[in-house]
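To keep things clear, I will list the structure first and then write my remarks on it.
Order of the sequence lines fixes the chain letters, A, B, ..., with proteins taken first and strands second; residue numbering starts at 1 for each chain. All of these numbers come straight from a predicted model, not from anything done at the bench.
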Amino acid sequence: MDIGVLTAGILTLAIYSFLYKDNPVYKMAESWLIGLSIGYALVIFWQTTIIDILIVPLFKDGRVVLVIPFALGLLMFSRFSRGSSWLSRIPIAFMIGAGAGVAIPAMLYARTLKQMSASVMPLITENGGFNIEALVVAVGLLSTLAYFYFSREHKGPIGKTAKLGTYFLMIFFGATFGYTVMSRMSTFVGRVDFLLTDFLHVIR
Amino acid sequence: MTTLRTRWILFAGLAVVVIASYLITVHFRTTASPATQAAFDYLETLPESSVVVFSFDHEASSLPEIKPISLAMLRHAFQKNLKIVGLSLFAEGTAIGYSLLRKTAGEYGKVYGEDYIFLGFKPQYISAILGMGESIRRVFPQDYLGNVTDTFSIMRDVEDYNDIEMVISIADGDRTVQWIEYAGPRYNQKVMAGLTAAMITSYDPYLSSRQLYAVVGGLRGAAEYETLLGKRGGGNRGMLAQSSAHIYVIALVLIGNIIYFRNRKRRGRG
């Protein structure tokens, strides 16, 4: 048997041994998982960020301009010293400024403007029929917004609309929870598939 | 001790249900959802040699769902003789993406560098996505194996998003959102997704607002795609186990509620 499959099979069983109770075999497998994940990510980031983007272009290709991001990166470590920790605000300010400048227009468009335009649908279809989906979206949107409208007390028509909004929210939470359960079941099914086919060869 | 014993019985019951489902053969008739059908139809109608990007933006823990989705879509793309540019914006997805790409390419006798390439991982996903709109080769000067990207024939005609028909983000988190937000509006890049089931509702607003072209979601989505493709795989194989597990959970919920209401009634009498 392939050593990788053997290791994966034993570690899968070791992790599932937690279902019986916490035990040293589970602890060992858990520590391996965390250690390997961090080690793998560290190596990938070291190579793709420090070596490929900084060291090679700066020292081998002579791109002197990279001294600036390199210096900004080093300033982040000034947080370890109380006297000079204020220096770390320079790269943080740069990151937040650049990040906000790039992110705000993109997010405003994709998450707000496009969603608003998608929420406004004609109630009559091109064939002359009634668009029930548009009605559900309109009622759901307005009632859910009413639930989060706190400037007036939730009494009378606003209270009833807000109450209706909670039902839409519950449907959303229920659907999300259902999908999450489905996802976790899929993970278990996937491991059983691996154990029965590749590890134990019970099925083909 | 009673609680612990109950827990063991419930877990053991789930294990028995799932294992038993694998030991019996039942072929499910899977009907494709509109979102999966749209994804399939798009790849089906693309002309040969069109370039699609597969971005493996997920962790290893979601492999049971991600793998059947990826395999089904990659097989379809190779079957249609599309050119595939693989990459990853999530460190853990890098080795998995490369391995899945190699596996499916081998099944169809595809040549690395001509029919497909894997560019590897790029940190700072926003700058990577935006940078690819200017020059993909500048963002990825080397492929995953350390070769100069320019030397491969597949990359000679691929400069930026204008040469990419579709970005297919295989994700278990919000990385596809970044593809939608940064490659979509600015570069008019079409994006579709292969997602874990837990993420489907988060992406529904993008799907209904047509910012996301299509979604293949969860093990069920993989099974639907495999059915459309006519190749049974991990998705179809797992559907009976998944459905049985769901029925088991629903039965537990019903039994739990019956016990709860019966006890409440008894307490009321007392």
Any chance [atom1] of [X] has more than 12 other-residue heavy atoms, nucleotides or ligands included, within less than 6.0 Å?
{"X": "Arg63(A)", "atom1": "CZ", "answer": "no"}
{"X": "Phe150(A)", "atom1": "CZ", "answer": "yes"}
{"X": "Lys122(B)", "atom1": "NZ", "answer": "yes"}
{"X": "Met95(A)", "atom1": "CE", "answer": "no"}
{"X": "Met116(A)", "atom1": "CE", "answer": "no"}
{"X": "Tyr147(A)", "atom1": "OH", "answer": "no"}
{"X": "Arg137(B)", "atom1": "CZ", "answer": "yes"}
{"X": "Ile124(A)", "atom1": "CD1", "answer": "yes"}

So which heavy atom on [X] is nearest to which on [Y], and how close?
{"X": "Ala106(A)", "Y": "Tyr182(B)", "answer": "CB-CE2, 3.5 Å"}
{"X": "Ala118(A)", "Y": "Ser208(B)", "answer": "CB-O, 4.3 Å"}
{"X": "Ser61(B)", "Y": "Thr187(A)", "answer": "O-CG2, 4.1 Å"}
{"X": "Gly190(A)", "Y": "Pro64(B)", "answer": "CA-CB, 3.6 Å"}
{"X": "Phe45(A)", "Y": "Ala91(B)", "answer": "CE1-CB, 4.0 Å"}

Inter-residue atom distance [X].[atom1] - [Y].[atom2], 0.5 Å rounding:
{"X": "Ser209(B)", "Y": "Gln115(A)", "atom1": "OG", "atom2": "CD", "value": "4.0 Å"}
{"X": "Gln124(B)", "Y": "Thr49(A)", "atom1": "CD", "atom2": "OG1", "value": "8.0 Å"}
{"X": "Met182(A)", "Y": "Arg220(B)", "atom1": "CE", "atom2": "CZ", "value": "7.0 Å"}
{"X": "Tyr179(A)", "Y": "Thr201(B)", "atom1": "OH", "atom2": "OG1", "value": "7.5 Å"}

Would you say the side chain of [Y] lies within less than 4.5 Å of the side chain of [X], judging by non-hydrogen atoms?
{"X": "Arg111(A)", "Y": "Glu181(B)", "value": "yes"}
{"X": "Tyr22(B)", "Y": "Val189(A)", "value": "yes"}
{"X": "Leu195(A)", "Y": "Ile19(B)", "value": "no"}
{"X": "Met185(A)", "Y": "Val249(B)", "value": "yes"}
{"X": "Arg7(B)", "Y": "Leu19(A)", "value": "no"}

Do you know which of [options] has the most heavy-atom pairs under 4.5 Å to chain B?
{"options": "Leu33(A), Val137(A), Val192(A)", "value": "Val192(A)"}
{"options": "Ile203(A), Thr176(A), Asp193(A), Thr48(A)", "value": "Asp193(A)"}
{"options": "Thr180(A), Asp52(A), Val181(A)", "value": "Thr180(A)"}
{"options": "Phe172(A), Tyr109(A), Phe177(A), Phe194(A)", "value": "Tyr109(A)"}

Top of Ser127(B), Gly238(B), Pro185(B) for chain A proximity - count of heavy-atom pairs under 4.5 angstrom
Pro185(B)
Under the criterion ring-ring contact (aromatic ring centres under 6.0 Å, His included), I'd like the reasoning laid out for Phe11(B) against Tyr16(A): C-alpha separation, chi angles, the key distance, then a yes or no.
CA-CA 10 Å; Phe11(B) 287 144; Tyr16(A) 279 129; 9.4 Å; no
Part of [X] lying under 4.5 Å from any heavy atom of chain A:
{"X": "Gln211(B)", "value": "side chain"}
{"X": "Ala15(B)", "value": "both"}
{"X": "Leu63(B)", "value": "neither"}
{"X": "Ala60(B)", "value": "neither"}

Relative to each other, are the rings of Trp8(B) and Tyr20(A) parallel, tilted or perpendicular (30° and 60° limits)?
parallel
Part of Ala98(A) lying under 4.5 Å from any heavy atom of chain B
neither
Please answer whether the main-chain N or O of Ser186(A) pairs with a side-chain N or O of Glu65(B) as donor and acceptor at a distance below 3.5 Å.
no
